[in-house]
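Quick note on labels: first sequence line is chain A, next is B, and so on, each numbered from 1.
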Amino acid sequence: MKLDLLGDRQRTHFCGDLRQSHAGQTVFLAGWVARRRDLGNLIFLDLRDHTGITQVVCNREVSPEAHDKAEEVRAEYVVGVEGEVVLRAPDTVNAQIPAGEVEVKAKTLLLLNEAKTPPFPIEDEIKTVEETRLRYRYLDLRRGKMQKIIRLRHRASLAVREHMSANGFIEVETPFMTRSTPEGARDFLVPSRIHHGHFYALPQSPQLFKQLLMIAGCDRYFQIVRCFRDEDFRADRQAEFTQIDIEMAFPQRDVLFDVIEQLMEKLFALVDVKVDRPFPRLAYDTAMEKYGSDKPHLGFDLAWKRVNLPDGAGEKLHIMQPLKALRVPGWESASRSQLDKLQDLARANLADWFSYIKVSGNEIHSPLDKIIGGEAVRALANSVEAAAGDLVLLVSLKSSSVTRQALQRLDAASGELRLELARRRELIKPGTWSFLWVVDFPMFEYDEKEKRFGAMHHPFTSPREEDLDKLESDPASLKARAYDLVLNGSEIGGGSIRIHRQDIQKRVFDALSLTPEKARERFGFFLDALESGTPPHGGIALGFDRIIALMAGESSIREVIAFPKTASAVDLMCDAPATVDPEQLEELGLSIKN
RNA sequence: GGGGACGUAGUUCAGCUGGUUAGAACGCAUGCCUGUCACGCAUGAGGUCGCGGGUUCGAGUCCCGUCGUCCCCGCCA
């Protein structure tokens, strides 16, 4: 096939631009052939670019040359068209596309490139499995839907940079080739050619660098930055992902929250969502107690309450008190099998006692009636203000199995039940955008396997100042100056006020069973820096991919990353990771086992 | 690391209790067609049933293993 040269021709319009007002103009369009409809001496081409589609008419009577070429054209061929914009006859207007009132009468058709038949149609709605889409990602991204997402992401990046800069934050780049840090996720390693046996690590986040920038006097820093974590992946987790990383010196938490809330307002305005400010704040302990989650969805009004049984009833049931009760308004009609499914869910989440109460008019029914008596059941129902027509769910632990871990599992189970009820009762209204701050996280969590405390956030998080004297005596009770940003039950960011004093940092390392030697080996440079005039500082990191996914209404961040990897961290398009030449290994001083 | 779902034509799927030559739709190719826009009509090509082993007279179908994709748990400060 003979192809044409573009020469010095320039596009005069995009395909989605043309309207009635352009009628009579001679235009030059270029793009991909979305569809060809061949009626013999009349051929219609749907010409597509990132802005939309315009119909091109190739009429043998108007231009035999253009018509000849149109006969050669196939799906996804790249063509240029010169011709006149003409109004369509009223009965041939296509109301489905914005440019549907006009069409371009082709005078010249340039065949710029041919194309193999694509493995899937280049359309918004396709049924193709994700594997195929990822293998041919360049074609997948050609779809209008993906172009919209890519462009939304671009506008979001611009909004972040504008907003942060306007608030005195400067973007500073930090190294991708750095050193491995303890704790946290597994690192991706890069072997050094010059120093055999030594490795760079790709950063899990620029945590230390942003703190060093505070020590350096940068005052307010941000960066839209790639982070790398070598753990198992999910719909909302990738091997490499993008954070909006933020840090400020002399921080007041409320000032930081305000900057972030305004940022969210600007970002969601891009998708015409009005964000309510200020965002509510919830203590971690309250979140766990009432919602059974450290990232609760507050877009629906269900909350657990700790309630006590009347005297003596607890002993009859052999369960822990207080137990947890949840009033489900208007679901007295729940069927036996529906309740059984909820009980299964509770059990699957290791809550070891589940029951319920139905309030129907003046009558109250519960499997507990026979065991603890109707009066006690009524008292329970009253303690959560259950009204006629309501259902009350109850969960607890066997009194013999109450441990810290069991209590955490009970909270987690109550959280799962709450979410399941929201799904089943369709309590989450479309268009709900429920932001919230979760604050006052525990400083440490006990690692059963390692038999030591680990940092819940990271080891540079400051304890609350009023808790400092309990650092050694009661670390489990310590609260950190850490916070998470939650949207509709998804964690979209987290941060903390950091430790800026070297003496406190040493005490925290100590509580984490990190010996001075180990600490010095791992980040001696950082401890030195801490002694060099560190201002109070703190910040946050926002999950950019997750935020874009929520804005775009996508449930997987793969949909908003141009070239994502699979759950096993494989790039199906370029087939990475891959083996390398033996010479390359030799240079690096590496050999592969087996 | 564990659990679940899926894997058949380029794509999306059907394929019963194991039984002749593995089907459909869309797409693709060729021809006809001047107002289509999911064009239409006619004809046709296209299959390592993910891969390997086993059972059987016979396997897309049953069994074992393995690979891949997705979802969940663990993990991810």
Checklist entry - Any Lys/Arg nitrogen of A:D285 or A:K479 sitting under 4.0 Å from an Asp/Glu carboxylate oxygen of the other? => result yes
Checklist entry - Between the base of B:rG74 and the side chain of A:D232, is there a donor-acceptor distance below 3.5 Å? => result yes
Next on the checklist: Between A:E76 and A:K116, does any side-chain N to carboxylate O distance fall below 4.0 Å?
Outcome noted: no
Next on the checklist: What I want to check is whether an N or O donor and acceptor connect the side chain of A:R234 with the base of B:rC70 at under 3.5 Å.
Outcome noted: no
Checklist outcome for this item: Expected list for residues 100-109 of chain A near RNA chain B, using heavy atoms below 4.0 Å, is A:E103
Checklist entry - Mind checking what makes side chain to side chain donor-acceptor pair (under 3.5 Å) contact with A:R423, not counting sequence neighbours? => result A:E420
Checklist entry - Between A:K107 and A:E84, is the closest basic N to carboxylate O distance under 4.0 Å? => result no
Checklist entry - Taking the side chain of A:K127 as heavy atoms from C-beta outward, which of B:rU36, B:rU12, B:rC76 is closest to it? => result B:rU12
Checklist entry - Does a side-chain N-to-carboxylate-O contact under 4.0 Å join A:D440 and A:R464? => result yes
Item to check | Rounded distance (Å) that lies between atom C1' of B:rC6 and atom CD of A:E130 | outcome: 13 Å
Next on the checklist: Taking OH in A:Y136 as the centre, count heavy atoms belonging to other residues, nucleotides or ligands within less than 6.0 Å. Is the count above 12?
Outcome noted: no
Next on the checklist: Need one value for A:F120: base, sugar-phosphate or nothing, where a base atom within 4.0 Å counts as base even if backbone is also close, heavy atoms only.
Outcome noted: nothing
Checklist entry - At under 4.0 Å, does any side-chain N or O of A:S568 touch on OP1 or OP2 of B:rU69? => result yes
Next on the checklist: Whole angstroms only, please: what is the CZ-C1' distance between A:R36 and B:rG40?
Outcome noted: 14 Å
Checklist entry - In Watson-Crick or G-U wobble terms, both distances under 3.5 Å, what is the partner of B:rC26? => result B:rG10
Item to check | Sidechain N-carboxylate O distance under 4.0 Å for A:D503, A:K506 | outcome: no
Next on the checklist: Side chain of A:T132 only, heavy atoms from C-beta on: which candidate in B:rC76, B:rU12, B:rU36 is closest?
Outcome noted: B:rU12
Checklist outcome for this item: Among the nucleotides B:rU36, B:rU12, B:rU69, whichever has the atom closest to the side chain of A:V570 is B:rU69
Checklist entry - What pairs with A:T403 under side chain to side chain donor-acceptor pair (under 3.5 Å), at least two apart in sequence or on another chain? => result none
Checklist outcome for this item: Judged by nearest nucleotide, the residue sitting upstream toward the 5' end of RNA chain B, A:A89 or A:T128, is A:T128
Checklist outcome for this item: Here the residues of residues 483-500 of chain A within 4.0 Å heavy-atom distance, strictly under, of RNA chain B are none
Next on the checklist: Which is more 5' along RNA chain B, the nucleotide nearest A:V129 or the one nearest A:R37? Just name the residue.
Outcome noted: A:V129
Next on the checklist: For B:rC70, give the paired nucleotide (Watson-Crick: N1-N3 plus N6-O4 or O6-N4; G-U: N1-O2 and O6-N3; both under 3.5 Å), or none.
Outcome noted: B:rG4
Next on the checklist: Roughly how many Å apart are B:rG3 and B:rA45, using the C1' atom of each and rounding to a whole number?
Outcome noted: 44 Å
Item to check | Value in whole Å for how far the C1' atom of B:rU12 lies from CD of A:E123 | outcome: 13 Å
Item to check | Separation of B:rC76 P from A:D187 CG (nearest whole Å) | outcome: 13 Å
Do any N or O atoms of the protein come closer than 3.5 Å to N or O atoms of nucleotides 44-47 of chain B, and which pairs are they?
none

Checklist entry - Which one is paired to B:rU36, where only Watson-Crick or G-U wobble pairs with both distances under 3.5 angstrom count? => result none
Item to check | Side-chain donor/acceptor of A:R229 to base of B:rC76, under 3.5 Å | outcome: no
Next on the checklist: Please encode protein proximity along nucleotides 27-34 of chain B as a string of B, S and -, counting only heavy-atom distances under 4.0 Å.
Outcome noted: -SSS--BB
Item to check | B:rC57 to B:rG44 separation - P atoms, rounded to the nearest Å | outcome: 40 Å
Next on the checklist: Quick check for you: among B:rG35, B:rG74, B:rC71, whose closest atom lies nearest to any side-chain atom of A:R558?
Outcome noted: B:rC71
Item to check | Pairing nucleotide - B:rG65, Watson-Crick or G-U, each distance under 3.5 Å | outcome: B:rC51
Checklist entry - Applying a 3.5 Å limit to both distances, which nucleotide forms a Watson-Crick or G-U wobble pair with B:rG58? => result none
Checklist entry - In whole angstroms, how far is the P atom of B:rG68 from the CZ atom of A:R135? => result 12 Å
Checklist entry - Thinking salt bridges, do A:D46 and A:R35 make one under a 4.0 Å N-O criterion? => result no
Item to check | Salt-bridge criterion met for A:E491 and A:K295 (N-O under 4.0 Å) | outcome: no
Checklist entry - Looking only at atom P, what distance separates B:rC62 and B:rU8, rounded to whole Å? => result 15 Å
Next on the checklist: Using atom C1' in both nucleotides, what's the gap between B:rC26 and B:rG40 to the nearest angstrom?
Outcome noted: 16 Å
Item to check | Integer angstrom distance from the C1' of B:rG52 to that of B:rG68 | outcome: 15 Å
Next on the checklist: Suppose we define a pair by two distances each less than 3.5 Å, Watson-Crick or G-U wobble; what does B:rC75 pair with here?
Outcome noted: none
Next on the checklist: Output the rounded distance in Å from CZ (A:R186) to C1' (B:rG74).
Outcome noted: 11 Å
Item to check | C1' atoms of B:rG7 and B:rU11, separation to the nearest Å | outcome: 14 Å
Checklist outcome for this item: When rounded to whole Å, the NE2 to P distance for the pair A:H67 and B:rU36 reads 16 Å
Checklist outcome for this item: Testing B:rC72, B:rC75, B:rG35 for proximity to the side chain of A:R237, the answer is B:rC75
Checklist entry - Going through the distances and angles, do A:F14 and A:H50 end up as a ring-ring contact (aromatic ring centres under 6.0 Å, His included)? => result CA-CA 8 Å; A:F14 290 119; A:H50 65 276; 4.9 Å; yes
Item to check | Any side-chain heavy-atom pair of A:V508 and A:M443 under 4.5 Å | outcome: yes
Checklist entry - When you compare B:rC13 with B:rG1, how far apart are their P atoms, in angstrom units rounded to a whole number? => result 29 Å
Item to check | Check ion pair A:D68-A:R60 (N to O, under 4.0 angstrom) | outcome: yes
Item to check | Test item: A:R237 side-chain N/O and A:D232 main-chain N/O as donor-acceptor pair under 3.5 Å | outcome: yes
Item to check | Short N-O contact, A:E240 and A:K565, less than 4.0 angstrom | outcome: yes
Checklist entry - Would you find a donor on one side and an acceptor on the other, under 3.5 Å apart, between the side chain of A:N349 and the backbone of A:L345? => result yes
Item to check | Pairwise C1' distance, B:rC28 and B:rC75 [rounded to whole Å] | outcome: 46 Å
Checklist entry - In whole angstroms, how far is the C1' atom of B:rA38 from the CD1 atom of A:I97? => result 13 Å
Checklist entry - Can you find a side chain N or O atom of A:Q96 that sits less than 4.0 Å from OP1 or OP2 on B:rA38? => result yes
Item to check | 4.5 Å side-chain heavy-atom contact, A:L45 and A:L109 | outcome: yes
Item to check | Ion pair check, A:E65 and A:K69, cut-off under 4.0 Å | outcome: no
Checklist entry - With sugar-phosphate meaning primed atoms plus P, OP1 and OP2, does A:T461 contact a base, only sugar-phosphate, or nothing at under 4.0 Å between heavy atoms? => result nothing
